[in-house]
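In what follows, chains carry the letters A, B, and so on, assigned in the order in which the sequence lines appear, proteins first and then strands, with residues in each chain numbered from 1.
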Amino acid sequence: MASSSSALLRRARHLSTAVATAANTNVTTSAAMTISKAKSKLRKEHDTDKALDIYSSVKSNHSSSSPGSTHHAQQITVRRLAKSHRFSDIEALIESHKNDPRITDEQFLSSLIKSYGIAGMFDHALRTYNQMETLKTPRSALSFNALLTACVNSKKFDLAPQLFDEMPAKYGFKPDVYSYGILVRSFCDAGKPELGIEKLKEMNQKGVQASGVIYTPIIHSLYKKGNSTEAERIWDEMVNRGCVVDVAAYNVRLMNAVDGDPEDIKRMIEEMSNAALKPDTISYNYLMTCYCKKGMMNEAKEVYDKLEENCCNPNAATFRTLLYYLCRNERFETGYKVFKHSVAVNKIPDFNTLKYLVGGLAKKSRTKEAKGIIRTMKKKFPPNLLVAWTKLEKELGLASADTEAAKEGVQR
DNA sequence: TCCAGTAAGT
C-alpha cells in the first residue's frame with residue numbers, strides 16, 4: 001500500500017510538471033484546436049492519457065478566454081480520470097490550477113472544488129475551500145455552494161447539514177436559495193425526503209423564496225419510495241405556491257408512470273404542451289420505454305423515429321433502451337439500423353447491450369452485419385474491452401483471419 | 001454553458 005502510493009505520488013509530480021510544461025511549450029499536437037472541437041474529442045477519447053493531452057492543449061491555448069468552456073473540458077477530463085481511478089493524476093491536475101492568477105476569482109476556485117467533488121475527493125474539496133484566505137480568494141455563498149455540491153457528489157450525505165450549520169457562521173456569509181436547494185437534494189439522495197420537506201418549511205419561516213427546482217428532487221424521492229400520495233400532495237403545494245412548473249418537474253411524474261398505461265404518458269405529454277412546455281428527449285424516452293415494457297415495439301420505434309420531428313435528438317439512453325428491447329423481441333434487423341444510427345451520432349450503447357444484437361444477427365445468419373458491428377466496436381472502444389469482443393466473436397464462430405487486427409488493437 | 005432539480009434493461 002505504502003509503496004504503491006509513493007509510486008502514485010511520483011506519477012502525480014511527473015504529471016503536474018507535464019501539465020505545467022504543456023502550458024509553456026506547444027508540446028501538444030494541435031495548437032489551433034478550438035475548445036468545442038476539443039470537447040467533442042474528449043468525449044470520444046477512451047484512452048485516458050490521450051484525453052489528458054487534449055485537455056492540456058485546451059488549457060494552454062485558451063487559458064485566457066471562455067472560462068465556462070474550459071471548465072467544462074476540465075470536468076470531462078476529471079470524470080474520465082476518476083473512472084480509471086487515477087486520483088493522484090486528478091490531484092496533480094487540479095492543484096496545478098492553484099498557480100493560475102485567476103485563483104483569486106471565486107468562480108474559478110469554485111470550479112476546482114466542484115471537480116474534486118465529481119471525483120469523489122471530498123477531503124481535497126474541503127481543503128481547497130479552507131485555503132481561500134491563503135489564496136486571497138473572497139468568499140460568498142458561491143464557493144460554499146460548490147463545496148456543498150462536492151459533498152453531495154461524494155455521497156457524504158451526513159456532512160451536508162453539518163457544513164450548512166457551520167460554514168456560514170464560521171466565514172460570515174448567508175446561504176442562498178441555491179444552498180438550500182443543494183441541501184434538500186442531499187436529504188433526498190440519502191432517501192430522506194421528509195427532511196427536505198422540513199427544510200422547505202424552515203425556508204418559508206426565514207422568508208427564503210423556494211422555486212420549483214427545490215421541489216423536484218423531493219417529489220422524485222417520494223415516488224421512488226413508493227409514496228405517490230405524498231408526492232402528489234407536494235406537487236399540489238408547489239403549484240399552489242405559484243412556483244414555475246417546468247419540463248424537469250413533469251419528467252419526474254412521467255418517470256413514475258412508466259410502468260403503467262402508455263396512454264397516461266401521452267396525456268401528460270399533451271398536458272405539457274398545453275402548458276407551453278416543450279417535452280424533451282427524457283420525456284419521450286419515458287413514452288418509448290413504456291411502450292417497450294408493454295412489448296409494443298412498433299409504437300416504441302415510432303416515438304424514436306419522430307424524435308427529430310419533435311425537435312429532440314436521441315441520446316445514449318434512447319439507443320440503449322430501444323436496442324435492448326428490440327433484441328428481446330427478436331427484431332434484430334431493425335436493431336442493426338438503430339445501431340448504425342447510434343454510431344453515426346457517436347452514442348454507441350455498451351457491450352452488454354450490443355452482445356445480444358451481435359448474437360441475434362449471428363443466429364439469423366446475418367453474419368455480415370454481425371461482423372460489421374464487431375469491427376466497428378474494436379475500432380471505437382478501449383483495449384480493455386477488446387478481450388470481451390474477441391471472446392464473443394469466437395463463441396459465435398465469427399472469428400476470421402483478423403486475429404492480427406485484434407493484436408493491433410491491443411497495441412494501440 | 002451560466003451556482004440548485006429530471007431517467008435508464010437483467
Side-chain angles (χ1 to χ4, degrees), chain A residues 35-36 39 66-76 106-111 113-114 117 140-153 160 164 173 175-189 193 196 199-200 203 208-221 223-224 231 234-235 238 243-259 265 272 277 279-290 292-293 300 314-329 347 349-350 352-357:
Chain A
I35 295 180
S36 73
K39 279 196 289 189
S66 27
S69 209
T70 28
H71 172 223
H72 191 215
Q74 181 192 110
Q75 296 200 340
I76 297 173
E106 187 177 14
Q107 204 154 351
F108 181 82
L109 181 132
S110 300
S111 80
I113 294 179
K114 265 170 68 179
S140 72
L142 196 113
S143 48
F144 175 62
N145 293 344
L147 182 70
L148 271 185
T149 302
C151 182
V152 178
N153 285 339
F164 203 88
F173 62 88
D176 61 12
V177 216
Y178 298 90
S179 321
Y180 277 97
I182 306 161
L183 181 62
V184 165
R185 157 122 196 261
S186 161
F187 287 136
C188 294
D189 280 6
K199 266 292 153 203
L200 273 179
M203 288 175 69
V208 184
Q209 181 65 44
S211 74
V213 174
I214 233 164
Y215 284 88
T216 310
I218 296 179
I219 296 166
H220 178 214
S221 172
Y223 274 133
K224 238 176 32 187
I234 299 291
W235 175 279
M238 169 178 76
C243 295
V244 177
V245 181
D246 63 10
V247 178
Y250 263 101
N251 282 347
V252 171
R253 289 178 89 196
L254 292 178
M255 174 206 73
N256 189 246
V258 90
D259 286 314
I265 298 199
M272 288 168 84
L277 293 172
D280 62 10
T281 303
I282 296 176
S283 320
Y284 290 112
N285 277 359
Y286 284 128
L287 181 60
M288 187 191 78
T289 307
C290 185
C292 285
K293 287 188 170 202
N315 64 18
T318 316
F319 288 114
R320 191 175 61 165
T321 306
L322 184 60
L323 254 179
Y324 174 78
Y325 282 102
L326 281 172
C327 291
R328 265 184 50 164
N329 288 280
K347 284 169 184 158
D350 58 323
N352 283 331
T353 306
L354 290 178
K355 72 179 179 198
Y356 295 116
L357 181 61

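Proximity of residues 315-328 of chain A to DNA chain B (heavy atom under 4.0 angstrom from any strand atom) is restricted to Asn315(A), Ala317(A), Arg320(A), Tyr324(A), Tyr325(A), Arg328(A).
With rounding to the nearest 0.5 Å, the separation of CE in Met255(A) from OG1 in Thr289(A) is 12.5 Å. The CG atom of Leu147(A) sits 9.5 Å away from the OG atom of Ser110(A) when rounded to the nearest 0.5 Å.
Taking atom CG on Leu254(A) and atom C1' on dA8(B), their separation rounds to 14 Å, with Å as the unit. Rounded to an integer number of Å, the gap from Met288(A) CE to dG9(B) C1' is 11 Å. Residue Leu277(A) contributes atom CG, which lies 19 Å from atom P of dG5(B) at whole-angstrom precision. Rounded to whole Å, the distance from CD on Glu106(A) to P on dC2(B) is 17 Å. Separating the CG atom of Leu200(A) from the C1' atom of dA4(B) is a distance of 13 Å, rounded to the nearest angstrom. Counting to the nearest Å, the C1' atom of dA8(B) and the CG atom of Asp350(A) are 11 Å from each other. The nearest whole Å value for the distance from the CE atom in Met272(A) to the P atom in dT6(B) is 15 Å. Atom CZ of Phe144(A) and atom P of dA4(B) are 13 Å apart (whole Å).
Between Tyr324(A) and Tyr356(A), the ring planes lie perpendicular to each other; the angle is over 60°, past the 30° to 60° tilted range. By the 30° and 60° cut-offs, the orientation of the rings of Tyr250(A) relative to Trp235(A) is perpendicular.
Between the side chain of Ser211(A) and the base of dA4(B), at least one donor-acceptor pair of N or O atoms lies under 3.5 Å. Donor-acceptor pairing under 3.5 Å, judged by distance alone, is present between the side chain of Asp246(A) and the base of dG5(B).
Taking every side-chain heavy atom of Thr216(A) into account, dG5(B) is the closest of dA4(B), dG5(B), dG9(B). Of the listed nucleotides (dA4(B), dC3(B), dG9(B)), dG9(B) has the atom at the smallest distance from the side chain of Thr353(A). Nearest nucleotide to the Asp280(A) side chain, out of dT6(B), dC3(B), dA4(B): dT6(B). Proximity note for Leu142(A) (side chain, C-beta onward) versus dA4(B), dC3(B), dG9(B): the nearest is dC3(B). Distances were taken from every side-chain heavy atom of His220(A) (C-beta onward) to each of dG9(B), dA4(B), dT6(B); the shortest belongs to dT6(B). Closest contact between the side chain of Asn352(A) and the listed nucleotides dG5(B), dT10(B), dC3(B) involves dT10(B). Ranking dC3(B), dA4(B), dT6(B) by closeness to the Ile282(A) side chain, first place goes to dT6(B).
Side-chain contact of Ser179(A) with Asp176(A): a donor-acceptor pair under 3.5 Å is present, judged by distance alone.
Separation of the P atoms belonging to dG5(B) and dT1(B) is 15 Å when rounded to the nearest angstrom.
Using a 4.0 Å heavy-atom criterion, one finds that Ala141(A) contacts no nucleic acid atom at all.
An OP1 or OP2 oxygen of dC2(B) is reached within less than 4.0 angstrom by no side-chain nitrogen or oxygen of Gln107(A).
Taking 4.0 Å as the cut-off between side-chain N and carboxylate O, Arg320(A) and Asp350(A) do not count as a salt-bridged pair.
When each of Met203(A), Gln209(A), Met238(A) is checked for a side chain to side chain contact (heavy atoms under 4.5 Å, CB included) with Ile214(A), only Met203(A) meets the rule.
Side chains of Asn145(A) and Leu142(A) form no contact here, defined as non-hydrogen atoms less than 4.5 Å apart.
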